[in-house]
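Worksheet for the structure shown next.
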There are 2 protein chains.
Amino acid sequence: MRELTRAEEQVMQVLWKIKKGFVKDMLQHFDEPKPAYNTVSTIVRILQDKGFVTHKAYGRTHEYYPVVSKNEYSKTHLSTFVNDYFSNSFEKMVSFFAKEKSISVKEMEEIMKIMEGEVKKQKENR
Amino acid sequence: MRELTRAEEQVMQVLWKIKKGFVKDMLQHFDEPKPAYNTVSTIVRILQDKGFVTHKAYGRTHEYYPVVSKNEYSKTHLSTFVNDYFSNSFEKMVSFFAKEKSISVKEMEEIMKIMEGEVKKQKENR
DNA sequence: AATATACAACGAATAAATTAGTTATGCAAC
DNA sequence: GTTGCATAACTAATTTATTCGTTGTATATT
């Protein structure tokens, strides 16, 4: 999957948020200073070329949809990060942030609960 | 902390790996096709302006050091990511990847062990 | 001292990304 | 049908990032 530039990512974030929309709809969801209509229009067409977005035409106006979901994109994005910064080990990454206290006790307890469930589930399926 | 461009990040990865070095040392650690000496030299000076790197001068030649550690940078980097993609919740992020099977059972068990230790430690310190 | 070498600093050239003006077309209102 | 408006497509302009040749200077070599 190709990488998003900063401007492209901003547009994708908006589309992910609103699920679908015309350029003018997207425009509303930008913080001030809002970009020009044409700026968004150009970027969304680039995103279409890159395969992140598609559109449905109503006459001459286009309603855009994400093709790549936020989850899909975050998956490849984080994998690259884990690869580059934690020699491809999720464990290293999570441990680091746990020790750094970036993850609260409450969150850790919640994570452990979910992992227990996952571990059990995956062990059953053998 | 400022963000690194792609080229800058590559140079930082090399510096983080070798701990310190002259431009010619860094150069050796690039994959083919290696960039030109001057390219690396320019980028490392930009990194210096941005505060990611400093140098010790030996006469006229410079030995460069990272000022921002890989851990520090990865921390802000991941925080931004968690913020943008998981509404600032580590728990959401980790759960997602656990369910996606991006994290192996072995890794999860290891993570749980570390978290148990962390939770206990943090609860003691009250 | 003259020459060669190594390197930082500078700056020019190119490439990539971003921004937004201009144009053309279709549709609505009159 | 003419006018005005909305929008996609195109394109130009600008900004930012990347790459590396050129220059100047210090140091080593003879």
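The chains referred to below are lettered A, B, ... by the order of the sequence lines, with proteins before strands, and numbering in each begins at 1.
Checked for salt-bridge contact, B/Lys121 and B/Glu118 meet the test: a charged N lies under 4.0 Å from a carboxylate O. Using a 4.0 Å cut-off between charged side-chain N and carboxylate O, B/Arg6 and A/Glu3 make a salt bridge. Using a 4.0 Å cut-off between charged side-chain N and carboxylate O, A/Lys123 and B/Glu109 make a salt bridge. The residues A/Glu8 and A/Lys50 are annotated as salt-bridged, a charged nitrogen and a carboxylate oxygen being separated by less than 4.0 angstrom.
Around atom NZ of A/Lys20, no more than 12 heavy atoms belonging to other residues, nucleotides or ligands sit under 6.0 Å away.
Of the residues in residues 21-32 of chain B, those placing a heavy atom less than 4.0 Å from an atom of DNA chain C are B/Val23, B/Lys24, in numerical order. Of all the residues in residues 34-52 of chain A, A/Tyr37, A/Asn38, A/Thr42, A/Arg45 reach under 4.0 Å from DNA chain D with at least one non-hydrogen atom.
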Nucleotide-resolved protein contact map, nucleotides 25-30 of chain D, B/S/- at heavy-atom distance under 4.0 Å
BS----
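In this entry the distance linking CZ of B/Arg6 with C1' of D/dA17 reads 11 Å, nearest Å. Atom OH in A/Tyr58 sits about 13 Å away from atom P in D/dA8, given to the nearest Å.
The footprint of chain B on DNA chain C, defined by a heavy-atom cutoff below 4.0 Å, extends from C/dC7 to C/dG11.
In this view, A/His55 and A/Gln48, A/Ala57, A/His62, A/Tyr64 satisfy the side chain to side chain contact (heavy atoms under 4.5 Å, CB included) rule, not counting sequence neighbours. Among residues two or more places apart in sequence or in another chain, the side chain to side chain contact (heavy atoms under 4.5 Å, CB included) test is passed with A/Asn38 by none. With sequence neighbours left out, the side chain to side chain donor-acceptor pair (under 3.5 Å) criterion links A/Lys56 to A/Tyr58.
When the local axes at the two ends of the helix from C/dA1-D/dT30 to C/dC30-D/dG1 are compared, using 5 base pairs at each end, they differ in direction by 10° after rounding to 10°.
Summarising the hydrophobic clusters (Ile, Leu, Val, Met, Phe, Trp, Tyr; side-chain heavy atoms under 4.5 Å, direct or chained), the residues clustered with B/Tyr65 are none.
Side-chain N or O atoms of A/Thr39 include none that pairs as donor or acceptor with a backbone N or O of A/Pro35 at under 3.5 Å.
Proximity of B/Tyr73 to B/Met12: side-chain heavy atoms (C-beta onward) are nowhere separated by under 4.5 Å.
For the residue pair B/Ser87 / B/Lys92, a side-chain donor-acceptor distance below 3.5 Å is found, with atom types taken as modelled.
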Only pairs under 3.5 Å count here: list side-chain donor-acceptor contacts from residues 23-31 of chain A, not counting sequence neighbours, and write none if there are none.
unit_1	atom_1	unit_2	atom_2	d
A/Asp25	OD2	A/Phe22	N	2.8
A/His29	ND1	A/Asp25	O	3.1

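Screening residues 90-110 of chain B for ring pair (Phe, Tyr, Trp, His ring centres under 6.0 Å) gives A/Phe90-B/Phe97, A/Phe97-B/Phe90, B/Phe86-B/Phe96 as the qualifying pairs, with residues at least two apart or on separate chains. Evaluation of the ring pair (Phe, Tyr, Trp, His ring centres under 6.0 Å) test over residues 105-126 of chain B, restricted to residues two or more places apart or in two chains, returns none.
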